[in-house]
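Naming convention: chains lettered A, B, ... in sequence-line order (proteins, then strands); numbering from 1 in each chain. These values consider heavy atoms only, across backbone and side chains, with no hydrogens, waters or symmetry-generated copies.
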Amino acid sequence: MGGGSADSVPPIERAQMGEGGCFLETAGVEASAAPRAPRASEASSFFRKVRYLFPLLLEVPAPSLGVPLQVTAEVMNVGVAHSEVNPNTRVMNSRGIWLAYIILVGLLHVVLLSIPFFSIPVVWTLTNVIHNLAMYVFLHTVKGTPFETPDQGKARLLTHWEQMDYGLQFTSSRKFLSISPIVLYLLASFYTKYDAAHFLINTASLLSVLLPKLPQFHGVRLFGINKY
Amino acid sequence: MYLPCPVVQNIKVSCTSWKCALEDVAWIISAPAYHLILEGILILWIIRLLFSKTYKLQERSDLTVKEKEELIEEWQPEPLVPPVSGDHPALNYNVVSGPPSHNIVVNGKKCVNFASFNFLGLLDDPRVKAAALVSLRKYGVGTCGPRGFYGTFDVHLDLEDRLAKFMQTEEAIIYSYGFATIASAIPAYSKRGDIVFVDRAACFAIQKGLQASRSDIQLFKHNDMADLERLLKEQEIEDQKNPRKARVTRRFIVVEGLYMNTGTICPLPELVKLKYKYKARIFLEESLSFGVLGEHGRGVTEHFGISIDDIDLISANMENSLASIGGFCCGRSFVIDHQRLSGQGYCFSASLPPLLAAAAIEALNIMEENPGIFSVLREKCKRIHKALQGISGLKVVGESFSPAFHLQLQESTGSREDDVKLLQEIVNHCMDRSIALTQARYLEKEEKCLPPPSIRVVVTVEQTDEELERAARTIKEVAQAVLL
């Protein structure tokens with residue numbers, strides 16, 4: 001890795017949005033499971049529970065290989081020498097980033113809730129829309145890496161979503177990031193009481209963030225927008 | 001329950017949502033059908049996602065397992081060590097005892113050295129040797145570390161300062177191996193998707209740098225500015241078709257000051273004009289012209305009187321005129337600074353041994369103290385160039401003031417091997433008459449544009465006029481004997 005750029009992007013910068021943590025039990029969604037960490041040294045009892053309950057839920061190995069293709073979620077190597085050519089590919093697998101993402105979405109929601117003149121449906125729609133907008137910008141618009149990589153700029157024209165896990169589809173981070181806007185949408189639909197106007201806004205926002213995640217859209221740039 | 005209220009009330013409300021679940025169910029049932037259907041589809045989508053297999057996008061190959069097996073069966077491994085004839089030059093090398101200075105002892109025979117790139121004769125200079133010895137006693141021999149890990153000594157910083165001042169640029173950076181200098185500098189700036197216009201006669205180090213850069217390489221005919229302009233125009237047309245791509249594409253022109261493979265000089269004024277017309281950056285490799293051309297030895301920019309700021313990066317190795325080891329790049333600060341983290345040869349190789357850096361500093365001192373040696377060298381080059389004209393069977397390739405020029409066969413025998421054998425005979429005969437010459441050697445399979453076989457003659461300031469004339473005479477006689 002080029003000299004001092006071995007310290008890559010801290011997880012907080014990438015994990016912008018997530019679901020509200022306190023609503024998980026009611027929603028009963030398992031997508032919030034923390035990344036499988038080989039060491040449970042820092043895991044609270046909640047994550048240990050989730051991990052034991054759903055050990056391989058998000059990871060389905062391809063039949064052609066004997067071992068799962070997905071590298072087990074590694075500790076984010078901060079400040080150490082690592083052989084990762086493009087650290088962007090492993091950011092969303094690092095320890096604690098899913099939780100950070102969820103907490104951040106929760107924080108966004110709480111901040112929006114604290115604005116006195118927004119009603120609950122408006123707050124939920126806003127959470128959904130802002131989360132999807134930020135996800136679109138950070139995962140599907142910004143291209144390349146903020147650091148120099150030793151592969152001479154292979155990922156220069158790729159968005160973060162396309163760089164994740166070096167283009168491997170349906171890895172656990174990708175599944176998590178695909179499911180979280182859907183969960184947020186379901187919650188927002190519920191709390192907006194299935195109102196038609198909110199429906200339109202939320203659905204459009206959800207589509208804008210779900211379509212780029214399809215494997216068919218890997219590397220696709222519609223109308224040449226954002227191609228170079 | 002869903003009144004707009006401050007946060008505290010909201011949380012209280014949500015904690016009692018269990019109790020309100022029944023009422024929520026009522027809400028759900030009264031929801032519009034399309035919305036519920038969409039939610040059903042989304043939940044199915046979640047389930048599908050959870051059970052999708054991880055796969056690589058390009059993994060589906062069109063070969064069946066049987067076809068793969070067949071291909072594996074058919075494959076014959078190449079030998080690890082391919083058979084090589086006994087008279088391959090790499091297996092029959094000449095052994096030099098003692099320093100390769102003006103008088104060189106090759107295979108036990110004392111010859112005048114017309115083969116080593118010791119242009120200014122600083123290899124055996126007592127001042128340089130003394131400075132190196134002082135540094136050796138102070139620092140030891142090696143540095144045991146790259147520049148980033150305790151491998152930066154004050155001599156390195158001194159040498160970089162001195163080189164920057166000598167070349168009149170803002171900053172300079174030192175590499176510990178001359179080949180690695182340009183081979184690290186090019187990939188530090190030029191990446192995938194960038195375009196590099198490079199001369200066909202570029203040396204092997206440049207070729208390796210270009211290969212490492214993964215950029216688009218466009219070769220133009222040697223020193224042919226019209227060809228280069230044609231390529232630049234074609235690129236301009238492409239750029240106009242796709243301006244967004246053009247905005248993120250960097251364009252570079254890589255040339256050498258004095259070409260190692262041909263001894264010719266690059267037409268730098270035209271290149272600078274093309275640079276400004278087509279917005280490309282020039283990387284100038286001055287290994288042979290540093291310490292040779294120009295009034296003060298600053299290279300080809302001084303020779304043509306071009307401002308050094310017009311050239312984006314100058315790279316040279318210190319193994320020729322400076323009689324040290326390693327190389328340097330010099331240019332604007334923001335350009336050179338980039339290499340401190342991105343120059344692979346800088347970050348990941350041990351730094352230059354301090355004694356060699358001290359030797360280079362002393363060599364620079366000598367160069368600055370007597371700037372007259374450069375014109376003396378050029379005079380000697382012109383003299384031998386003239387003297388070697390008109391040899392039957394051999395033609396002189398290179399500028400008259402180039403200290404390293406080539407003697408190529410006027411008519412090739414048809415096969416490269418035979419040409420090489422013929423030239424080797426000439427070299428051997430010259431060696432018998434105590435003129436040490438060498439053939440220009442290439443990795444024949446690896447070169448992009450393999451130059452024709454040639455004898456490379458090197459002129460140094462230490463050779464007297466009499467020796468030059470004797471050399472010219474010897475070569476003439478030997479060539480006559482061998483080729484006719």
(request) Classify the ring geometry between A/Phe199 and B/His35 as parallel (under 30°), tilted (30 to 60°) or perpendicular (over 60°). (result) tilted

(message) Please check this pair: side chain of A/Gln152 against backbone of B/Ser213, looking for a donor-acceptor N/O pair closer than 3.5 Å.
(response) yes

(message) Can you confirm whether B/Phe204 is buried at CZ, in the sense that more than 12 heavy atoms of other residues, nucleotides or ligands lie under 6.0 Å from that atom?
(response) yes

(message) As an exercise, state the distance from OH of A/Tyr194 to CG of B/Leu38, rounded to the nearest 0.5 Å.
(response) 11.0 Å

(request) Check whether any side-chain heavy atom of B/Lys245 sits under 4.5 Å from a side-chain heavy atom of A/Leu157, and report yes or no. (result) no

(message) Please report the interatomic distance CG(A/Leu186) to CD1(B/Ile46), rounded to the nearest 0.5 Å.
(response) 5.5 Å

(request) With the side chain counted from C-beta on, respond yes when B/Arg214 and A/Lys154 share a heavy-atom pair under 4.5 Å apart, and no when they do not. (result) no

(message) Within the structure provided, determine whether A/Leu210 and B/Leu42 are in side-chain contact (heavy-atom separation under 4.5 Å).
(response) yes

(request) Return the option, out of B/Gly343, B/Gly148, B/Pro187, B/Ser190, with the maximum number of heavy-atom pairs under 4.5 Å with chain A. (result) B/Pro187

(request) Would you check if the side chain of A/Lys175 reaches a backbone N or O of B/Ser52 as a donor-acceptor pair within less than 3.5 Å? (result) yes

(request) Would you mind checking which part of B/Ser215 comes under 4.5 Å of any heavy atom in chain A, side chain (CB onward), backbone (N, CA, C, O), both or neither? (result) neither

(message) Quick check on B/Arg281: does its CZ atom have over 12 non-hydrogen neighbours (other residues, nucleotides or ligands) under 6.0 Å away?
(response) no

(request) Please report the shortest heavy-atom distance between B/Thr54 and A/Phe170, naming the atom on each side. (result) OG1-O, 3.1 Å

(request) Look at the side chain of A/Arg156 and the backbone N and O of B/Gly193, then say whether any donor-acceptor pair between them is shorter than 3.5 Å. (result) no

(message) Taking atom CD as the centre, does B/Glu73 end up with more than 12 heavy-atom neighbours from other residues, nucleotides or ligands that are less than 6.0 angstrom away?
(response) no

(message) Is there a side-chain contact between B/Tyr34 and A/Thr203 in this structure, where contact means two heavy atoms from C-beta onward sitting under 4.5 Å apart?
(response) no

(request) Please tell me if the side chains of A/Lys227 and B/Arg244 come closer than 4.5 Å, counting only heavy atoms from C-beta onward. (result) no

(message) Looking at A/Tyr166, I'd like to know if its OH atom is crowded, meaning that more than 12 non-hydrogen atoms belonging to other residues, nucleotides or ligands lie closer than 6.0 Å.
(response) yes

(message) Out of A/Val122, A/Asp195, A/Asp151, return the one with the most heavy atom pairs under 4.5 angstrom to chain B.
(response) A/Asp151

(message) In the structure I gave you, are the side-chain heavy atoms of A/His218 and B/Leu57 within less than 4.5 Å of one another anywhere?
(response) yes

